[in-house]
Protein chains: 2
Amino acid sequence: MPDPAAATSNLGFAILGLLARRACNGYEVAQRMRQPIGYFWTARHSQIYPELNRLDASGLVEHEVIEGAGPRPTKRYRITETGQAALAAWVVGDLEPQPVRDLEVLRLWSIWTVAPAAAVELVSRLEAAHRSVLDRYLDELAEISGDPGVRDPSNPLFASRITLEGGIRSRRTALEWCAWMRAEFAAAEQRR
Amino acid sequence: MPDPAAATSNLGFAILGLLARRACNGYEVAQRMRQPIGYFWTARHSQIYPELNRLDASGLVEHEVIEGAGPRPTKRYRITETGQAALAAWVVGDLEPQPVRDLEVLRLWSIWTVAPAAAVELVSRLEAAHRSVLDRYLDELAEISGDPGVRDPSNPLFASRITLEGGIRSRRTALEWCAWMRAEFAAAEQRR
DNA sequence: TCCTCATATGTCAATATTGACATATGCCCG
DNA sequence: CGGGCATATGTCAATATTGACATATGAGGA
């Protein structure tokens with residue numbers, strides 16, 4: 001018997017989470033998952049359309065066809081009750097330790113191979129990148145904060161708020177860490 | 001003309017970073033990359049052996065065969081000067097924004113679909129997982145801190161220290177965030 | 001002595017992900 | 001009116017990653 005929490009792939013659960021909030025066509029799903037701002041999984045449309053078909057075949061989502069512009073008809077997808085149940089089961093399911101795969105830290109791990117000046121320059125670039133993402137997170141949080149739904153645990157905006165808060169905290173920490181690294185390089189330079 | 005910083009894949013640079021620190025056979029590389037503790041990329045041996053062959057064919061690493069036990073001879077890999085140069089170029093190369101792909105936050109984004117009690121229980125499990133990783137990072141940092149090399153930017157231990165520091169800061173932040181989330185659920189319960 | 005585990009290197013099929021190619025319409029701007 | 005862009009849905013080849021299968025030896029414990 002398959003694990004009930006394994007009704008689909010990670011990508012499938014990402015899409016289900018999106019459709020649980022509101023019905024969308026594939027293009028809208030793809031738009032939402034193109035940039036990870038305020039969201040924590042990305043995918044291209046070439047992955048999304050086949051996955052929507054699989055979810056449809058498994059009965060986790062259903063669609064209605066809307067005739068409109070374009071070479072093919074538009075399909076509006078909605079999550080089913082089965083899909084809702086599968087999503088909820090996955091959310092509280094077992095946590096398998098996820099592999100840490102961080103390209104930024106992988107670079108820093110080999111930073112001893114380059115000249116200190118170039119290293120500090122790299123850290124400054126990382127810092128700028130974190131700052132720009134932080135700003136976008138702050139904007140997104142400000143946008144939803146006015147809605148009273150953000151304080152109701154059964155409202156999607158509550159979940160949006162707590163994940164955004166996590167993003168904001170982690171980017172702030174990354175910025176502090178970058179400043180700390182620059183200070184470490186400066187201290188080493190002093191000792192020379 | 002190909003980007004000089006694109007001499008190999010991300011996995012290839014992870015392996016080069018390892019071999020720049022010390023010569024290893026494939027098995028040792030695989031051991032090191034099995035768990036991400038103090039390191040930030042993971043891979044299985046089935047990925048590593050073919051990648052080592054590719055790196056060897058590109059001249060970024062070289063190997064000597066050591067006859068020993070086992071069905072096949074042991075190969076000891078060492079980074080070449082070309083490999084060192086490619087690694088250093090990659091370290092300071094352009095930063096393409098990396099996709100955020102966080103399964104934990106993806107779950108939390110759909111946490112509004114489950115009962116608050118189950119949600120709080122999930123947050124507590126996340127918290128325990130972060131705490132255990134934090135403890136291992138702290139142990140690793142303590143192990144290397146005695147070495148004077150940790151303060152020299154051209155020593156690999158300097159890089160190990162700053163990446164570990166990043167891991168420690170990010171896990172501490174995650175723990176604070178988990179406590180904050182539990183408080184948010186408690187506050188909502190109060191208002192009910 | 002037998003069983004298990006660590007050492008050591010590989011292949012292979014399945015799945016996941018990326019990037020390019022493909023197509024057709026409506027809208028806006030110059 | 002022509003060109004580019006957003007809308008909208010797909011396929012396909014290449015690469016990345018996982019998990020299973022395969023093999024052989026030496027060391028240590030039951």
Side-chain angles (χ1 to χ4, degrees), chain A residues 2-3 6-15 23-36 40-58 61 63-77 96-103 106, chain B residues 2-3 6-15 23-36 40-58 61 63-77 96-103 106:
Chain A
D3 184 356
T8 180
S9 61
N10 290 336
L11 173 62
F13 287 118
I15 295 174
C24 286
N25 60 39
Y27 186 77
E28 290 168 326
V29 172
Q31 288 301 308
R32 194 75 179 74
M33 299 195 57
R34 211 169 39 92
Q35 288 291 325
F40 306 89
W41 204 263
T42 54
R44 314 298 171 87
H45 78 274
S46 58
Q47 226 188 331
I48 288 166
Y49 288 113
E51 186 66 36
L52 279 168
N53 282 327
R54 276 191 290 271
L55 291 170
D56 206 340
S58 330
V61 306
H63 74 270
E64 52 172 338
V65 173
I66 300 168
E67 291 298 335
R72 292 184 192 81
T74 294
K75 295 181 194 167
R76 184 160 197 77
Y77 289 93
E96 67 283 22
Q98 47 176 327
V100 178
R101 192 167 269 152
D102 191 324
L103 205 51
L106 186 62
Chain B
D3 182 359
T8 179
S9 61
N10 290 335
L11 173 61
F13 287 118
I15 295 174
C24 286
N25 59 38
Y27 186 77
E28 291 168 325
V29 173
Q31 289 301 307
R32 195 72 179 74
M33 300 195 56
R34 211 167 40 92
Q35 288 292 324
F40 304 89
W41 203 264
T42 55
R44 313 300 170 86
H45 78 273
S46 57
Q47 226 189 329
I48 289 166
Y49 288 113
E51 186 67 36
L52 280 168
N53 283 327
R54 276 191 291 271
L55 290 171
D56 206 341
S58 331
V61 307
H63 74 270
E64 53 173 335
V65 173
I66 298 167
E67 293 298 335
R72 292 186 192 80
T74 294
K75 294 181 195 167
R76 185 159 197 78
Y77 289 92
E96 68 282 23
Q98 49 177 324
V100 178
R101 192 167 267 150
D102 190 325
L103 205 51
L106 187 63

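So you know, we letter chains A, B, ... as the sequences are listed, proteins then strands, and number each from 1.
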- Taking the side chain of A:Y77 as its heavy atoms from C-beta onward, which of D:dT17, D:dA8, D:dG10 lies nearest to it? D:dG10
- With sequence neighbours left out, what residues match A:A43 under side-chain contact (heavy atoms from CB on, under 4.5 Å)? A:L11, A:M33, A:Q47, A:I48
- Query: What is the nucleic acid contact for A:N10, judged by heavy atoms within less than 4.0 Å: base, sugar-phosphate only, or nothing?
  - Reply: nothing
- Item | A:Y27: partners by side-chain hydrogen bond (donor to acceptor under 3.5 Å, both in side chains), with sequence neighbours left out | A:Q31
- Give one of base, sugar-phosphate or nothing for B:R101, where a contact means two heavy atoms less than 4.0 Å apart. sugar-phosphate
- Message: Going by side-chain hydrogen bond (donor to acceptor under 3.5 Å, both in side chains), name the residues that satisfy it together with B:N25, two or more places apart in sequence or in a different chain.
- Response: none
- Return the value, rounded to whole Å, for the distance between atom OH of B:Y27 and atom P of D:dA24. 18 Å
- Would you mind reading off the distance between B:Q98 atom CD and C:dT17 atom P, rounded to a whole angstrom? 15 Å
- Task: Using atom types as modelled and distance alone, determine if a side-chain donor or acceptor of B:R76 lies under 3.5 Å from a backbone N or O of B:I66.
- Result: no
- Over how many whole Å does the gap from B:K75 atom NZ to C:dA8 atom C1' extend? 11 Å
- How many Å lie between CD1 on B:I15 and C1' on D:dT17, as a whole number? 13 Å
- Who pairs with B:R54 by salt bridge (Lys or Arg N to Asp or Glu O under 4.0 Å), at least two apart in sequence or on another chain? B:E51
- Message: Tell me the interatomic distance from B:L103, atom CG, to C:dT17, atom C1', rounded to whole angstroms.
- Response: 16 Å
- Message: Could you tell me how far apart A:I66 (CD1) and C:dT25 (C1') are, to the nearest whole angstrom?
- Response: 16 Å
- Task: Under 4.0 Å between any heavy atoms, over every strand shown, what does A:R76 touch: base, sugar-phosphate, or nothing? Just pick one.
- Result: nothing
- Partner residues of A:V100 under the side-chain contact (heavy atoms from CB on, under 4.5 Å) criterion, sequence neighbours left out: B:P36, B:F40, B:R171
- On DNA chain C, check which nucleotide each of A:R54 and B:N53 is closest to and give me the residue with the more 5' one. B:N53
- Applying ring pair (Phe, Tyr, Trp, His ring centres under 6.0 Å), name anything that partners A:Y77, two or more places apart in sequence or on another chain. A:H63
- Query: Can you list the residues that meet the side-chain hydrogen bond (donor to acceptor under 3.5 Å, both in side chains) rule with A:Q35, with sequence neighbours excluded?
  - Reply: none
- Protein-nucleotide distance (A:L52, atom CG; D:dG10, atom C1'), rounded to Å: 12 Å
- Query: Near DNA chain C, which residues from residues 40-49 of chain A have a heavy atom under 4.0 Å away?
  - Reply: A:W41, A:R44, A:S46, A:Q47
- Atom CG of A:N25 to atom P of D:dA6: distance rounded to whole Å? 16 Å
- Item | Beyond-backbone contact of B:R101 with B:L106, side-chain heavy atoms, under 4.5 angstrom | no
- Axis-to-axis angle between the two ends of the helix from C:dT1-D:dA30 to C:dG30-D:dC1 (five base pairs per end, rounded to 10 degrees): 30°
